[in-house]
Amino acid sequence: MLGYVIQRLIQAAIVMLAMSALVFVGVYAIGNPIDVLISPDATQDIREAAIRHYGLDLPLWQQYLAFLGRLLQGDLGRSFVLNMPVLDLVLSRLPATLELALASVLIGAFIGIPLGVYAGYRPDSVLSRAIMALSVLGFSVPTFWIGLILILTFAVNLGWLPAGDRGPTVEVLGVGWSFLTWEGLQFLALPALNLSLFKLAMMIRLSRAGTREVMLSDTVKFARAAGLSEYTILRRHVLRLISIPLVTVFGLEFGSTLAFAVVTETIFSWPGVGKLIIDSITSLDRPVMVGYLVLVAFLFVTINLVVDLTYALLDPRLRRGGRAA
Amino acid sequence: MTSFWQEYRENWIAVVALAVVLLVVAAALLAPWITPQDPYDLANLNLRDARRPPGFVGSNGYVHWLGTDAQGRDLFSAILYGLRISLQMGIAAGAVAMALGATLGILAAHAGGRIEQAIMRVVDLQLSFPAILLALVLVAVLGQGKVPLVIALVTAQYAYFARTAYGAATAERQKDYVEAARATPLPGHRVVFRHILPNCLPPLIVVGTVQVANAIALEATLSFLGLGLPPTEPSLGMLIANGFQYMMSGRTWISVYPGVALIVLIVAINVVGDQLRDQFNPRLRR
């Protein structure tokens, strides 16, 4: 087991290294950042001083090694445009994205699972068909379009909810949160709903498939024979049995929710990391792009590592170097 | 083939979806002949016609059935031209991704050993990484244009094809007829092309249909974020983005109609793909 863990750790480190090199070299190829930094009518001397100051005159590999060295010390560089450390920048935006992602995951779970269980319990009813049609739409219609429709319906036509921005936040532990006030919740509602629709569709599908399977099992037959009510069977047995795969997928999906937040945050002007990366791409703010991508890559490599190790813990066959069947 | 069509015909929703897809493709192909104006010939545009609601009769003398956009473009024409570009990108990306993914997947299944491990590890890693983020980065790195966009879409999507082809090819590999073909003195590539590949095609076609729809959606998303094609080649995503700023002031048609066209196309392709999957799936056969 220890050997397997070490092997996986080394693999993860190699992947991380490769990703950081790819991201760094790739992002290096865009435009000339110096044009963004100084005004076009600056003198040649100022220009060259700025190039030297940011280390842009060094060969690419030296810049990468310097970047890697700083990275290992937790320093992701400074933003060209905002002139502050990238790590601080990302961390200052992260709570907004985390709040949004968490809210959407909760909506997905608390609405999606009951709907899915119902659709699995009565697969042929009209309501179940409607639920499944909804889930097809949630899967195939692009997030940005649903966002536009939400704004059009609830902000422009009905005027119930704000169309964008984050609104007031309440400081707790030095970080601003929206969900603590009624007004903040109103600002959170549309973006969270928008981001949740994909999860919602997935939760409906997964819990429907799980429920259909469990309903045919002996557990349910015995529970019925014991005279339990259908509601109790669903809540006490079915829900419990389908929860294991749901939780696994949920953990994996949380990472991609953070990534999909890019689109939602842009539409609703939600000041999170997704908006930060789009802004940095349009303003060619190279250190922010590289820093954000390295952080995201780190997040995904970590999630994958944890999942792999958890599976290894659960499935002894994997530990002996074999492959999953 | 005939029986396949007869089975397909039993699901009327799928038939309607197929008709919609064919209609949209035909309209996009014939766009230059059926639209009242060439929306990208600046000589045709008149700013006095800008942002007019549907049904407005413009200075050129014809009715703008879907209204006009901020430059005075006829939206119906702009949508059909946009569909052309969206479809081009979707089909090009889908086809290249399918070719690349199928090659890698079958190669991995056929070669085995280290090659198999290396290819599938990269593929699995990529599948765990959100496609949209990958495409976003690539478009940002490669710049705007059709070729960079297709490269970004292919990179984001080939892994699905590789997974599917690998799964199908490993399943085929263990069957007796492949064993038998291998026992003959035929060269290895012949076994792959004549025996394994044809049997991997059904699942690949299903994934391909859905991935074309996904590529169109992804391209629209990138264009909406301002990272897709340059403004000279506006796809549906860019039309929607251009109309977004006018939505708050109630001029909703500029965004809504291109969006409706996009959704109808994507959903129709998905429904066709679903039906194909059900028909190719032997477990669901009656």
Side-chain angles (χ1 to χ4, degrees), chain A residues 11-12 15 18-19 22-23 25-31 133 136-137 139-149 151-152 155-157 163-164 252-253 255-263 266-267 274 277-278 280-282 284 289-290 292-293 296-297 299-301 303-304 307-308 323-324, chain B residues 13 116-117 120-122 124-143 210 213-214 216-227 236-237 240-241 243-244 247-252 255-256 258-260 262-271 273-274:
Chain A
Q11 265 178 7
V15 169
M19 292 283 251
L22 272 178
V23 166
V25 172
V27 175
Y28 183 88
I30 319 175
V136 172
L137 285 182
F139 262 128
S140 51
V141 176
T143 312
F144 80 93
W145 176 247
I146 298 179
L148 288 191
I149 294 301
I151 291 180
L152 189 61
V156 179
N157 286 347
L252 286 172
E253 275 296 311
S256 73
T257 310
L258 294 179
F260 272 103
V262 171
V263 179
T266 311
I267 300 170
I277 179 75
I278 294 286
S280 72
I281 287 175
T282 39
L284 289 179
M289 288 168 68
V290 174
Y292 171 81
L293 289 172
V296 171
L299 184 75
F300 275 89
V301 169
I303 291 177
N304 273 331
V307 170
D308 273 3
R323 292 187 311 110
Chain B
I13 297 177
E116 178 180 5
Q117 294 255 335
M120 292 324 288
R121 189 136 275 274
V122 172
D124 283 343
L125 190 76
Q126 245 200 289
L127 282 177
S128 70
F129 202 80
I132 180 142
L133 214 54
L134 206 64
L136 207 66
V137 176
L138 278 168
V139 167
V141 169
L142 298 170
V210 176
N214 281 349
I216 292 173
L218 197 54
E219 186 277 325
T221 305
L222 291 174
S223 290
F224 178 80
L225 294 174
L227 298 166
L236 290 174
I240 297 169
F244 186 35
M247 215 149 99
M248 296 296 162
S249 53
R251 296 189 182 91
T252 49
S255 267
V256 168
V260 169
L262 178 74
I263 302 316
V264 167
L265 178 62
I266 292 175
V267 172
I269 297 178
N270 270 307
V271 171
D274 260 6

Q: So for A220(B), is it side chain, backbone, both, or neither that comes closer than 4.5 Å to the heavy atoms of chain A?
A: both
Q: Mind checking what makes side chain to side chain contact (heavy atoms under 4.5 Å, CB included) contact with A12(A), not counting sequence neighbours?
A: V301(A), L305(A)
Q: Would you mind checking which part of I278(A) comes under 4.5 Å of any heavy atom in chain B, side chain (CB onward), backbone (N, CA, C, O), both or neither?
A: side chain
Q: Report yes if the side chains of I263(B) and P142(A) come closer than 4.5 Å at any heavy-atom pair, otherwise no.
A: yes
Q: Could I get the full list of ring pair (Phe, Tyr, Trp, His ring centres under 6.0 Å) partners for Y292(A), not counting sequence neighbours?
A: none
Q: If you measure from CD1 on I277(A) to CG on L225(B), what distance do you get to the nearest 0.5 Å?
A: 11.5 Å
Q: Name the member of T143(A), I149(A), I267(A) that forms the most heavy-atom pairs with chain B at distances under 4.5 Å.
A: I267(A)
Q: Please give me the minimum heavy-atom distance between W145(A) and V260(B), naming the atom from each residue.
A: CZ2-N, 3.9 Å
Q: For chain A, which of N214(B), V256(B), V267(B), I269(B) has the most heavy-atom pairs under 4.5 Å?
A: V256(B)
